[in-house]
Amino acid sequence: MTSISGGGISRRTLLGAGGAAALALGLGACSSGNSAGSFSSGAASGPARKGGVLRIARPPASSGELLDPASSLSAYEYLGALYNRLVRRGASGETVADLATQWEPNADATQWTFRLRQGVTFHNGKPFTSADAAYTIKHILDPDTASPQAGVLSIVDPASITTPDDHTLVVGLKTPHAEFPTLLTHYNCYVIPDGSAASIGRTGIGTGPFALKSFTPAAQGEVTANPDYFGGRPTLDGIVFSAIADVQARVNALLAKQVDVLAQTPLDHANAKAVQAGADATVTEIENAQINVLPMLTTAAPFTDVRVRQAFKLAYDPASVLTVAAQNYGTVAHDNPVVPDDPYYADYAVESDPDKARWLLKQAGAENLRLDLYTSNYQSGFTPLALAFKASVARAGITLDIKNAPSDSYYTKVWMKRPLCVSYWYTGRGIDQLLNEYFGSGSSYNETAWKDSTMDNMLGAVRREVDEAKRKQLYQDAQKYVVDNSGLLVPFFGSRLTGLSKQVVNYAEDGFEFDYQNIGLKA
Amino acid sequence: MIRYVLRRLALAVLTVWLASLGIFLAVHALPGDVATQILGRDATPQAVAAMRTELGLNEPLWQRYGDWLSGALHGDFGTSLVTHQPVADELTLRLRNTLLIAALAIVLGIVLALVCGVVAGLTRDRWPDMLISTLSLAGMSMPEFVIATLLALAFAVAIPIFPAVVTAGPDATVAELLPALWLPACALSVVMAAYIIRMLRTSVIDTMASEFVATARLRGLAPARVVLRHALPSALLPTVNVVAMNIAWLLGGVVVVESVFNYPGLGVLTVDAVHNRDLPVLQAIALLGAATYALLNLAADVVAMLLNPRLRRRAVA
């Protein structure tokens with residue numbers, strides 16, 4: 001461990017001055033827990049001052065962004081401050097209570113009963129009841145909402161949602177689902193007041209730790225602490241959100257101390273170094289924040305042949321791709337998109353074997369394959385990943401030509417249109433939603449266009465299985481099947497380097513969700 | 001002269017109309033439309049179809065252009081496809097914000113250019129000229145976003161005098177925007193001044209070598225009087241058009257510079273509208289840009305005529 005004393009401040013002075021948080025930051029910056037390098041993983045924790053206003057810079061979703069959680073245009077960073085869900089994802093991927101305190105299925109998992117928290121009020125003073133919860137689900141399913149989560153929740157039969165009393169919600173399903181509550185942990189599922197569809201986009205009335213004070217799409221907005229929050233009053237007095245579209249402008253704003261936290265801003269290595277060098281800002285590493293993928297379109301040559309897909313998975317060396325593309329800020333994934341800390345994770349890997357990859361390509365009649373690999377500056381990590389992958393598969397005689405596509409139409413003209421490209425997903429989804437979205441033949445996010453009846457049957461079977469141990473086995477079988485057969489290349493889970501002020505303590509996030517309740521400014 | 005101006009105005013209207021047609025077709029040729037751009041990865045076929053119907057994107061191209069044109073002729077520029085707010089309202093605020101930067105940049109740029117250009121011209125090949133010429137060449141060769149970023153790092157991060165970004169939205173008051181004007185205006189004026197300095201330097205050198213300046217000198221007029229009263233009006237003549245073109249260029253320059261400073265002006269709106277394929281907003285911006293170009297060119301020619309009576313007579317004839 002290197003010394004932290006410098007600039008005339010000894011370790012003792014720091015401690016004596018009550019600078020435990022500063023110490024933690026200093027230590028974190030000097031020695032990281034993982035082998036990767038010099039950025040601290042996990043932000044400073046320690047005593048926070050009561051109150052204070054946090055300033056968050058965020059990229060606007062679009063100039064038409066809304067506070068409607070169900071909408072695809074939702075202003076994402078506001079949601080967790082304003083609303084609660086029925087259930088949410090806990091730190092280790094389990095489903096935990098939020099506005100619902102208990103939930104149980106019937107015998108064949110076709111009907112779920114949720115017991116709701118009592119004594120909760122919305123920011124406008126109205127009590128939260130089962131009618132609001134029922135309305136929220138119907139609002140997501142309403143075709144007029146065009147919610148991205150509507151497809152996932154299409155197993156819900158809207159007519160069968162009932163409210164036996166003010167604090168009980170019963171949801172009937174068209175097909176059994178033993179993990180149904182995990183689908184409600186998605187950020188589109190925040191609970192809104194009954195009948196608020198027309199106004200929620202502007203009012204943002206929820207039950208959350210903060211209430212809306214002002215909101216202008218793609219500009220500035222402010223939330224203030226909700227003293228009546230059922231989880232206790234949050235540490236901060238308020239949060240100001242500023243929309244800054246340009247990444248470099250966001251970084252400059254942090255360096256100039258105009259904002260305290262950069263949301264949805266994965267820093268590339270150069271920017272991370274620049275932030276780290278600043279006197280008042282620091283960099284935190286959020287581990288396994290992003291699933292880096294190269295989808296092989298299974299409907300396009302040469303990936304229609306499963307042997308070619310297998311060859312691509314065997315051809316590259318994930319460890320070297322991780323090193324070259326991301327300086328080891330990440331975890332090797334072995335083509336399984338489920339993060340290792342998921343309770344249902346299958347520890348299964350097919351070791352890299354370029355000779356076998358060559359042999360498989362020969363079998364498939366695709367020797368000396370030459371193909372375009374599309375990338376874009378949509379995210380700073382895309383092109384490094386493309387280049388690292390290209391270099392790694394060369395061992396198996398595969399030649400990839402890197403094509404750089406414009407970022408503003410990448411997801412409309414390249415993704416799911418070209419046979420091979422670079423893409424990413426944020427982690428934080430339950431395994432059921434994740435596997436169904438990526439590999440279910442009816443999903444609009446199935447980016448490899450994989451329609452496989454065995455996979456669909458496996459996903460259906462696991463939903464019907466109410467026995468926990470058997471379900472775990474089925475989930476693991478499904479992951480192995482994905483690794484062996486799917487069109488998804490998953491070289492590694494990327495860490496996200498995020499920039500924040502040294503004044504910020506108790507910063508925590510899962511996927512892209514902040515812990516707004518406890519985040520604070522240094523005492 | 002009045003007939004000449006009227007004819008030029010008619011030509012300007014034609015130019016603006018052609019620009020509107022051009023931008024309409026160009027946006028149409030871009031991949032994707034407002035529905036796919038906004039929805040991004042959430043662009044399920046159902047969501048895209050619903051949005052297209054809602055926004056009237058399924059109507060034929062020419063009908064949409066015709067609707068827009070007849071609205072624009074009546075002063076109605078339609079509503080943004082993204083925010084559903086009237087384009088005119090949105091544009092007015094943004095235009096005000098951009099004009100604040102532009103006005104400051106023009107004043108700074110022209111003063112800087114006049115002083116440096118004349119000094120360089122008068123001290124040809126001596127050290128002040130060398131210094132000014134080298135710096136103006138550097139200013140010309142650096143893209144404005146590089147200058148903007150360097151200025152932000154120097155005067156917002158290293159020496160925190162000015163804000164690095166504007167955190168408020170387009171409805172910020174002028175007082176709120178005031179501290180944020182300086183860095184973007186400086187970035188723009190440096191690039192703008194560089195061109196004018198080069199032009200003015202050459203022009204001053206030529207004029208100072210001319211016979212009428214020599215005569216003025218020989219008659220014993222004070223050097224300051226020779227330069228300011230006799231040489232400068234003549235030297236400015238070829239520069240006026242360059243100044244006008246540079247002011248018009250500002251409209252393009254702000255696009256990049258505003259992004260760097262997150263300044264809520266026309267530039268950021270343009271980038272956003274292009275990204276979203278928000279046609280009504282883009283059309284209005286293009287109209288504004290084309291009209292500015294046309295009018296500034298006309299203004300430059302009129303100023304040139306005022307400075308040079310010979311041109312005036314020829315135009316009337």
Side-chain angles (χ1 to χ4, degrees), chain A residues 55 57 60-65 71-73 143-151 188 214 216-221 240-246 248-259 274 278-279 281 378 405-416 423 425 443-445 447, chain B residues 30-51 54 80-85 90 145 148-149 152-153 155-158 160 162-172 256 258-264 268-269 271-278 281:
Chain A
R55 301 159 303 170
S62 94
S63 41
E65 61 183 9
S71 165
S72 57
L73 305 180
D144 286 345
T145 311
S147 175
Q149 191 70 359
N188 285 136
S214 63
T216 312
Q220 207 166 43
V240 174
F241 295 96
S242 295
I244 303 178
D246 186 72
Q248 199 56 50
R250 253 175 275 152
V251 173
N252 287 349
L254 176 69
L255 292 176
K257 293 194 272 185
Q258 284 182 273
V259 298
Y378 187 92
S407 64
D408 80 332
S409 53
Y410 191 70
Y411 278 98
T412 51
K413 294 290 153 189
V414 172
W415 182 69
M416 291 178 75
S423 185
W425 294 95
S443 163
S444 63
Y445 298 97
E447 56 187 346
Chain B
L30 285 174
D33 64 15
V34 67
T36 58
Q37 287 304 115
I38 292 182
L39 293 170
R41 273 210 260 190
D42 295 326
T44 59
Q46 298 89 322
V48 170
M51 199 172 217
E54 188 196 328
S80 158
L81 298 178
V82 181
T83 63
H84 308 293
Q85 302 294 315
E90 207 159 341
F145 67 86
T149 308
L153 289 177
F155 298 108
V157 176
F162 299 109
V165 297
V166 180
T167 51
D171 50 353
V256 186
E258 283 183 3
S259 293
V260 174
F261 294 102
N262 200 46
Y263 187 86
V268 166
L269 185 68
V271 172
D272 208 40
V274 171
H275 181 275
N276 291 332
R277 321 283 190 251
D278 192 347
V281 174

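Numbers restart at 1 for each chain; the letters A, B, ... are given by sequence-line order, proteins then strands.
- Scanning for ring pair (Phe, Tyr, Trp, His ring centres under 6.0 Å) contacts around B:F145 gives an empty result, with sequence neighbours left out.
- Just one residue in the list B:N262, B:T167, B:V165 forms a side chain to side chain contact (heavy atoms under 4.5 Å, CB included) with A:S242, and that residue is B:T167.
- B:P163 touches chain A through backbone and side chain together, each having a heavy atom under 4.5 Å away.
- In plain terms, the two heavy atoms of B:L81 and B:H84 that are nearest each other are O-CE1, 3.5 Å.
- Residue contact with chain B, scored on non-hydrogen atoms closer than 4.5 Å, involves the backbone of A:A243 exclusively.
- Interface remark: A:S72 contributes backbone and side-chain atoms alike to the contact with chain B (heavy atom separation under 4.5 Å).
- With a threshold of 4.5 angstrom between heavy atoms, A:S423 approaches chain B through side-chain atoms but not through N, CA, C or O.
- Here the closest non-hydrogen pair linking A:A57 and A:I244 is CB-CD1, 4.0 Å.
- For a residue to count as touching a neighbouring chain, one of its non-hydrogen atoms must lie under 4.5 Å from one of that chain's; by this rule B:L153 touches chain A with the side chain only.
- Of the listed residues (A:D144, A:V259, A:N252), the one with the most heavy-atom contacts under 4.5 Å to chain B is A:N252.
- Note on A:A253, A:A218, A:G221: by heavy-atom pairs under 4.5 Å with chain B, the leading option is A:A253.
- Inspection of the B:D278 and B:S80 side chains reveals an N or O donor paired with an N or O acceptor under 3.5 Å.
- For the set A:A146, A:A245, A:S147, A:A256, the count of heavy-atom pairs under 4.5 angstrom toward chain B peaks at A:A256.
- Interface remark: of the candidates B:A158, B:A273, B:A168, B:P160, B:A168 forms the most heavy-atom pairs closer than 4.5 Å to chain A.
- Checked against A:Y445 for a ring pair (Phe, Tyr, Trp, His ring centres under 6.0 Å), the options A:W415, A:W425, A:Y411 give a single hit: A:W425.
- Residue B:A152 touches chain A through its side chain alone, counting heavy-atom pairs closer than 4.5 Å.
- Listed here is the closest heavy atom pair of A:M416 and A:E447: CG-CA, 3.6 Å.
- With sequence neighbours left out, the side chain to side chain contact (heavy atoms under 4.5 Å, CB included) criterion links B:V48 to B:A35, B:T36, B:L39, B:A43, B:R52.
- In this structure, chain B has a heavy atom under 4.5 Å from the side chain of A:L73, while its backbone stays farther away.
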